[in-house]
Each structure stands twice: as structure tokens, then as C-alpha cells.
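Single-structure report; data block below.
Throughout, protein chains are lettered first and strands after them, A, B, ... in sequence-line order, and every chain is numbered starting at 1.
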Amino acid sequence: MYQRNPDSTLSQSSPRSLSPRGKDGFFARVYALVRRIPRGKVLTYGQVAALLGEARWARTVGWALRACASRSVPCHRVLGGRGRCSPGYGSGHPERQRARLEAEGVRFRLGGTVDLAAYGWLGPPRAARRSRMHGSA
DNA sequence: AGGTTGACTGGGG
DNA sequence: TCCCCAGCCAACC
């Protein structure tokens with residue numbers, strides 16, 4: 001099984017990353033958003049960055065997830081822009097990411113990519129609800 | 001203070 | 001479709 005020590009990653013793996021300074025806790029906001037991705041749905045690094053209002057910070061999102069502060073953050077639901085698993089997932093085991101996603105019902109194409117149009121999350125409900133409920137009034 | 005790194009992206013071959 | 005290159009930008013050293 002591929003369970004890493006949640007505790008060790010919390011206390012010693014990335015001590016400084018847990019107190020992100022750039023932009024009032026960008027890391028924390030990344031974790032908060034990723035935690036909301038529903039089972040069986042995915043998001044790309046670029047989309048996470050965009051949803052947080054920092055469209056060009058895709059690489060920084062990667063930094064945040066590398067630290068993967070808590071086991072409660074389903075970081076396996078974040079893929080590269082081409083719907084591919086992250087090369088560095090689980091310290092170089094993207095297959096683990098795939099296994100987790102498949103366990104949630106996400107199917108992969110022959111090339112090892114996920115159909116983002118089919119499995120992509122639309123984002124926080126609130127954003128979608130706002131335009132629909134309030135409309136113009 | 002400055003160079004390097006990286007779980008990214010988009011474009012081109 | 002896959003691989004490589006240039007641009008990207010904060011974190012890291």
C-alpha cells in the first residue's frame with residue numbers, strides 16, 4: 001500500500017511550506033479549494049490557480065501540492081493541463097495517482113490521460129450559483 | 001541579493 | 001500523439 005506518513009509530512013517534510021507568506025497564505029487557499037473537489041472529479045493546476053484569482057501561478061500550485069500538508073487534501077484530483085498525472089506524485093509514482101482516480105470512477109484513455117471535459121470540476125458551487133440565482137435582479 | 005528549481009502551460013516540430 | 005523548447009513566477013538555497 002502506498003500510504004505515506006501523514007504525520008511526518010506534516011511535521012518535518014515541509015515545515016516552512018505550512019506557513020506560506022506569499023499572498024496571504026496562497027498555499028492554504030490551494031488546500032481549501034482542492035479539498036472541495038468532489039469525488040470522481042478533477043481540476044488542472046492552471047484551473048486551481050485561476051479559480052484562486054492567480055491564473056499564472058500554476059507552478060506555485062504545484063509547489064503547494066508537493067508539500068501536500070494533509071492527507072485530507074485530495075491532491076490526486078489535480079492533473080496537468082493535458083489531463084495527465086503528475087510525474088512527481090507520491091515521490092515519483094504517478095501510477096498511484098491514477099489508481100486513486102480510477103478507484104473513484106475516473107477512467108483513463110489509452111494514452112494515460114483523463115478527459116477533462118468529462119471529469120473536470122466546474123469549480124466552487126457558489127460561483128456557478130451566483131449567476132444562476134441572482135441573475136440580474 | 002541572486003541563481004536555480006519545479007506535481008505548469010502553450011506552441012511548434 | 002509524443003517530445004522539446006521558451007515563458008512563467010514564487011519558493012528555495
Original post:
Can you give one letter per nucleotide of nucleotides 1-7 of chain C, going 5' to 3': B for a protein heavy atom under 4.0 Å from the base, S for sugar-phosphate only, - for none?
Top reply: -S----B
In whole angstroms, how far is the [atom2] atom of [N] from the [atom1] atom of [X]?
X: A/Leu79; N: B/dT9; atom1: CG; atom2: C1'; answer: 14 Å
X: A/Leu116; N: B/dG10; atom1: CG; atom2: P; answer: 11 Å
X: A/Gln97; N: B/dC8; atom1: CD; atom2: P; answer: 10 Å
X: A/Glu54; N: C/dA11; atom1: CD; atom2: P; answer: 11 Å
X: A/Leu51; N: B/dC8; atom1: CG; atom2: P; answer: 17 Å

Select one nucleotide: of [options], the one nearest the side-chain heavy atoms of [X].
X: A/Trp57; options: B/dT9, C/dC9, B/dA7; result: C/dC9
X: A/Trp63; options: C/dC9, B/dG6, B/dA7; result: B/dG6
X: A/Arg66; options: B/dA7, B/dC8, C/dA10; result: B/dA7

Please set out all donor-acceptor pairs under 3.5 angstrom arising from side-chain atoms of residues 103-114 of chain A, sequence neighbours excluded.
| from | atom 1 | to | atom 2 | distance (Å) |
| --- | --- | --- | --- | --- |
| A/Glu104 | OE1 | A/Gly40 | N | 2.9 |
| A/Glu104 | OE1 | A/Arg77 | NE | 3.1 |
| A/Glu104 | OE2 | A/His76 | NE2 | 2.8 |
| A/Glu104 | OE2 | A/Arg77 | NE | 3.1 |
| A/Glu104 | OE2 | A/Arg77 | NH2 | 2.7 |
| A/Arg109 | NH1 | A/Thr113 | OG1 | 2.7 |

Original post:
Tell me the salt bridge (Lys or Arg N to Asp or Glu O under 4.0 Å) pairs involving residues 82-93 of chain A, sequence neighbours left out?
Top reply: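 For residues 82-93 of chain A: none.
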Original post:
Taking only residues two or more places apart in sequence, or in another chain, which ones meet A/Pro87 in a side-chain contact (heavy atoms from CB on, under 4.5 Å)?
Top reply: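 Expected list: none.
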Original post:
Among all residues two or more places apart in sequence or in another chain, which pass the side-chain contact (heavy atoms from CB on, under 4.5 Å) test with A/Leu51?
Top reply: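 Per chain and number, A/Leu51 pairs via side-chain contact (heavy atoms from CB on, under 4.5 Å) with A/Leu33, A/Leu43, A/Pro124.
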Original post:
How long is the span from the CG atom in A/Leu79 to the OH atom in A/Tyr89, to the nearest 0.5 Å?
Top reply: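 One finds 10.5 Å between CG of A/Leu79 and OH of A/Tyr89.
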Subject >> Closest non-hydrogen atom pair between A/Ser72 and A/Pro74, with its separation >> reply: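 Minimum heavy-atom separation between A/Ser72 and A/Pro74: O-CD, 3.2 Å.
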**OP:** Verify side-chain contact (heavy atoms from CB on, under 4.5 Å) between A/Thr60 and A/Tyr45, making sure each step is shown before the conclusion.
**Re:** CA-CA 9 Å; A/Thr60 304; A/Tyr45 295 91; over 6 Å; no
Subject >> Those residues of residues 37-50 of chain A lying under 4.0 Å from DNA chain B by at least one heavy atom >> reply: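 Residues of residues 37-50 of chain A that come under 4.0 Å of DNA chain B are, in numerical order, A/Thr44, A/Tyr45, A/Gly46.
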Original post:
Crowded around A/Arg35 CZ? As in, over 12 foreign heavy atoms under 6.0 Å?
Top reply: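 Result for CZ/A/Arg35: enclosed.
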Original post:
When you measure from the side chain of A/Tyr31 to the backbone N and O of A/Ala64, does any donor-acceptor pair fall under 3.5 Å?
Top reply: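 Answer holds: yes.
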